[in-house]
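First listed ligand is number 1; within each ligand, the first listed atom is number 1.
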Amino acid sequence: MTATPALSRTDPPAPPRGRFVTFEGGEGAGKSSQIAHLAERLRGRRLDVVITREPGGSPGAECVRHVLLTGAAERFGPLAEACLFAAARADHVDRTIRPALSRGAWVLSDRFYDSSRVYQGDGGVAPDMLRLLEAVAVAEVRPDLTLLLDVPAEIGLARAGSRRGGGDADRFEKEDVAVHERRRRAFLDLAAREPHRFAVIDATATPTEVSEAIWRAVGNRLGLPAAPEAE
Ligand code: TYD
C-alpha cells in the first residue's frame with residue numbers, strides 16, 4: 001500500500017467543511033422541534049444550515065423511507081431492512097450531506113447511522129455486518145457531534161402517542177416498552193463508547209432547558225462564531 005503523500009506548500013488550501021451534527025434518541029424525545037430551534041439559533045449566527053432526516057433526506061432515500069416505514073420490507077427480514085437503510089443513507093450522503101458540508105454548511109440530521117446500530121442491531125443484525133454497511137454508506141462522512149436526546153421509554157412513547165393523536169403508529173413505534181427501553185440502553189452504550197463524539201442530553205427537562213443544554217454542547221464541542229452586533 002502506498003503512503004498518502006504529505007501536503008506541500010503549493011497544494012491548494014483544503015476546501016471549507018461545514019459541521020455535521022446528528023440527533024439520536026428513541027420515539028418522542030423531541031428531536032424535530034429541537035433541530036428546528038437549533039437551526040434558528042445557528043442562522044442567527046449567519047451560518048448556512050441544512051436540516052435533514054433519516055431514513056430520507058434525498059429524493060431516492062425518501063422513496064426507500066416509504067418502503068421501510070410502512071413495514072413493506074419487514075417480511076424480507078432484518079438484514080434486508082438494514083441493507084435498505086444503508087442504501088437510503090448512501091444516497092442521502094451523496095446527494096445532500098456531502099455537498100452541503102463541502103460548501104461550508106452546518107448539516108443537522110434527525111437520525112443517522114447510530115439508529116441503524118441500535119434498531120437493526122437490536123433486530124438481530126450482527127455488529128460486523130452493520131459496520132460493513134455503514135462503511136459503504138457513509139465513506140468518510142462521519143458526524144462531528146451526536147446529540148443523544150435521552151428519555152425513558154415510557155415517557156417517550158406517551159409523548160409520541162399524543163403527538164400522533166388518532167393516527168397509526170409506524171412499523172418501529174408499534175413495539176412494546178421493553179424493546180424501547182433496550183434501545184435506549186443501546187444508545188447510552190454507544191455514547192459511553194464514543195464520549196468525544198456524543199453529548200447526552202436529558203430530554204425529560206422542559207423544551208427550553210433542553211435547547212439550552214444543546215446550545216451549550218454545540219458551543220463547547222464545535223465552537224460558534226460570535227453573535228452579530230445587532231443580536
Ligand atoms: P420517524 O418517523 O422518522 O420518527 P422518529 O425519528 O421521530 O422516531 O421514524 C423513523 C423510524 O425508523 C424510527 O422508528 C427509527 C427507525 N430507523 C431504523 O430502524 N434504522 C435507521 O437506520 C434509521 C435512520 C431509522
K.L.:
Hey, which atoms in ligand 1 end up nearer than 4.0 Å to a heavy atom of Y119?
P.N.:
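Near Y119, the atoms of ligand 1 are 14 (O), 15 (C), 18 (C), 19 (O).
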K.L.:
For ligand 1, is there an atom lying under 4.0 Å from some heavy atom of R53?
P.N.:
no
K.L.:
Within less than 4.0 angstrom of ligand 1, does L68 place any heavy atom?
P.N.:
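No, L68 has no heavy atom closer than 4.0 Å to ligand 1.
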K.L.:
Going by the salt bridge (Lys or Arg N to Asp or Glu O under 4.0 Å) test, which pairs reach into residues 118-128, not counting sequence neighbours?
P.N.:
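Those involving residues 118-128 are D122-R182, D128-R131.
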K.L.:
Just grab all the salt bridge (Lys or Arg N to Asp or Glu O under 4.0 Å) pairs involving residues 48-57, residues at least two apart or on different chains.
P.N.:
D48-R103, R53-E62, E54-R89
K.L.:
Regarding atom 1 (P) of ligand 1: of the candidates H92, E27, R65, Q120, which has the closest heavy atom?
P.N.:
R65
K.L.:
So, taking the atom named CD1 in I155 and the one named NE2 in H180, what distance separates them when rounded to the nearest 0.5 Å?
P.N.:
14.5 Å
K.L.:
Check whether L145 and I214 end up in the same hydrophobic cluster, where Ile, Leu, Val, Met, Phe, Trp and Tyr are linked by side-chain heavy atoms less than 4.5 Å apart.
P.N.:
yes
K.L.:
With heavy atoms under 4.0 Å as the rule, classify the contact between K31 and ligand 1 as side chain, backbone, both or neither.
P.N.:
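Just the side chain.
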K.L.:
Are any of the heavy atoms in R89 under 4.0 Å away from ligand 1?
P.N.:
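Yes; R89 lies near enough to ligand 1 that a heavy-atom distance drops under 4.0 Å.
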K.L.:
Give the atoms of ligand 1, by number and element, whose distance to some non-hydrogen atom of E54 is under 4.0 Å.
P.N.:
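So the answer, numbered in order with elements, is 24 (C).
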K.L.:
Would M129 and V136 show up in the same hydrophobic cluster when neighbours are defined by side-chain heavy atoms closer than 4.5 Å?
P.N.:
no
K.L.:
Working to the nearest 0.5 Å, report the span between CG of L190 and OH of Y113.
P.N.:
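Here the rounded value is 10.0 Å.
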